[in-house]
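Structure first, commentary second.
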Amino acid sequence: MDEDIKKACDVLQAGGLILYPTDTIWGIGCDATNEKAVQRIYELKQRTDNKAMLVLTDSSAKLEMYVSEVPSVAWNLIEVADKPLTIIYPKAKNLALNLLAEDGSVGIRITNEEFSRKLCERFRKPLVSTSANVSGEKSPANFSEVSDVIKNGVDYIVKCRQDDMSKAQPSNIIKLGLGGLFQVIR
């Protein structure tokens, strides 16, 4: 796993794209602070860039680096979540602008899955994590379902967990607004 993480970090540092396992489904990832790398993901997914993508990080302590104000309810949601939870926060900062939603918000998930958590720790920046599929196609439940278009379009494919055939599920999504407002998306 350590060699896989080192290679993935080298590719990410160079502005490249990786295909990697997350706490949910297999994802396409890049440095979430690099606008050119983010643009490459939109092109690979054949997706318009007005659809935001989420960010993966390894620790709730890092939230305040990427969100202007973390609503207090977010800390409670993170603490009680028993499965992967993506929270959409208002007023993102220090991230690639083309990653954000039109209203300036960003979805962030704190991963507890071993590989993606260690990758985020070692890379020391947030990672884009978007489903490993062309826009409009079914999200792959495991590595064997990732299309050749995606595999051929990334710069590095992580070896870890490629043989895991369990059917992964996407995260729950909650959008937080200012003043304590929230909306359950999924």
Side-chain angles (χ1 to χ4, degrees), residues 1-45 52-68 70 74-75 77-79 81-89 92-100 106-133 139-140 142-143 146 150-164 166 168-171 173:
M1 182 184 300
D2 287 341
E3 187 61 27
D4 230 1
I5 289 172
K6 181 186 179 322
K7 287 179 181 177
C9 283
D10 290 345
V11 168
L12 293 166
Q13 278 302 85
L17 307 184
I18 63 169
L19 177 61
Y20 69 115
T22 74
D23 53 337
T24 59
I25 60 179
W26 273 76
I28 303 169
C30 73
D31 176 349
T33 66
N34 182 327
E35 286 193 29
K36 288 180 181 173
V38 170
Q39 184 58 42
R40 284 190 59 209
I41 290 181
Y42 285 121
E43 291 166 5
L44 176 59
K45 288 183 65 79
M53 292 185 286
L54 74 90
V55 170
L56 209 59
T57 190
D58 60 298
S59 165
S60 59
K62 295 180 179 174
L63 285 176
E64 292 174 329
M65 294 170 59
Y66 308 110
V67 178
S68 293
V70 178
W75 303 114
L77 291 169
I78 292 166
E79 189 175 310
D82 59 351
K83 61 188 224 176
L85 173 65
T86 300
I87 299 177
I88 301 173
Y89 298 90
K93 64 180 184 180
N94 301 322
L95 296 168
L97 294 178
N98 58 343
L99 177 64
L100 310 180
V106 66
I108 300 176
R109 189 169 70 243
I110 299 158
T111 181
N112 290 316
E113 184 271 332
E114 185 180 18
F115 181 85
S116 55
R117 182 180 46 79
K118 286 183 176 183
L119 178 61
C120 288
E121 283 174 4
R122 180 121 176 224
F123 187 56
R124 296 188 180 157
K125 292 183 196 175
L127 297 177
V128 167
S129 182
T130 185
S131 57
N133 62 306
S139 296
N142 52 50
F143 179 77
V146 177
I150 298 299
K151 290 176 182 173
N152 294 328
V154 298
D155 302 299
Y156 182 69
I157 299 174
V158 169
K159 291 168 185 49
C160 183
R161 290 188 39 215
Q162 284 187 14
D163 57 353
D164 180 355
S166 57
Q169 298 293 318
S171 67
I173 302 174

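Rounding to the nearest 0.5 Å places CD1 of Ile28 at 5.0 Å from NZ of Lys45. For the atom pair Met53 CE and Tyr42 OH, the distance stands at 4.0 Å (nearest 0.5 Å). Between the CG atom of Leu127 and the OG1 atom of Thr57 there is a distance of 8.0 Å, given to the nearest 0.5 Å. Distance check: Leu100 CG to Tyr89 OH gives 14.5 Å after rounding to the nearest 0.5 Å. Atom CD of residue Glu35 and atom CG of residue Asn98 lie 4.5 Å apart, to the nearest 0.5 angstrom. Distance CG/Leu77 to OG/Ser60: 12.5 Å, rounded to 0.5 Å.
The main-chain N or O of Gly15 is never found under 3.5 Å from a side-chain atom of Asn34 such that the two would form a donor-acceptor pair. The closest donor-acceptor contact from the side chain of Tyr66 to the backbone of Ile108 lies at 3.5 Å or more, if one exists at all.
Scanning both residues, Val55 and Ala32, for their nearest heavy atoms gives CG2-CB, 4.1 Å. Across Ala8 and Ile18, no two heavy atoms sit closer than the pair O-CG2, 4.1 Å. When all heavy atoms of Val158 and Pro21 are compared, the closest pair comes out as CG1-CD, 3.7 Å. Contact record, Ile87 with Ala74: CD1-O, 4.1 Å, taken as the closest heavy-atom pair. The minimum heavy-atom distance between Leu44 and Gly153, with the atom names listed, is CD1-CA, 3.7 Å. When every heavy atom of Ile150 is checked against every heavy atom of Asn133, the shortest pair comes out as CD1-C, 3.8 Å.
Contact check for Leu63 versus Ile110: side-chain heavy atoms found under the 4.5 Å cut-off. Here the side chains of Leu12 and Tyr156 are not in contact, with every heavy-atom distance at 4.5 Å or above. Using a 4.5 Å heavy-atom threshold, the side chains of Leu85 and Ser171 count as separate. Side-chain contact between Arg109 and Thr22 is present, with at least one heavy-atom pair separated by less than 4.5 Å. Between Asp23 and Asn112, the closest side-chain pair of non-hydrogen atoms is not below 4.5 Å. Looking at heavy atoms from C-beta onward, Arg124 lies out of side-chain contact with Lys62 at the 4.5 angstrom threshold. Asp164 is not listed as a side-chain neighbour of Asn142, based on a closest heavy-atom distance of 4.5 Å or more. The closest side-chain heavy-atom distance from Tyr20 to Asp4 is not below 4.5 Å.
Of the charged side-chain nitrogens involved, at least one lies within less than 4.0 Å of a carboxylate oxygen, so that Lys6 and Asp10 count as a salt-bridged pair.
No hydrogens or angles considered: nothing links the side chains of Lys83 and Thr24 as a donor-acceptor pair under 3.5 Å.
Annotation: cation-pi pair Lys151/Phe143 present, NZ/CZ under 6.0 Å from the ring centroid and within 45° of its normal.
Among the candidates Pro84, Ser129, Ser131, the single residue satisfying the side chain to side chain contact (heavy atoms under 4.5 Å, CB included) test with Ile25 is Ser131.
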Derivation and outcome, side-chain contact (heavy atoms from CB on, under 4.5 Å), residues Lys125 and Gln13 = CA-CA 10 Å; Lys125 292 183 196 175; Gln13 278 302 85; 4.0 Å; yes
Tabulate below the donor-acceptor pairs under 3.5 Å that side-chain atoms of residues 115-122 make, not counting sequence neighbours, or state none.
| unit_1 | atom_1 | unit_2 | atom_2 | d |
| --- | --- | --- | --- | --- |
| Ser116 | OG | Thr111 | OG1 | 2.7 |
| Ser116 | OG | Glu113 | OE1 | 2.7 |
| Arg117 | NH1 | Glu121 | OE2 | 3.2 |
| Lys118 | NZ | Glu114 | OE2 | 3.1 |

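Residue Glu64 places its CD atom among 12 or fewer non-hydrogen atoms of other residues, nucleotides or ligands, all under 6.0 Å distant. More than 12 heavy atoms of other residues, nucleotides or ligands sit less than 6.0 Å from atom NZ of Lys93.
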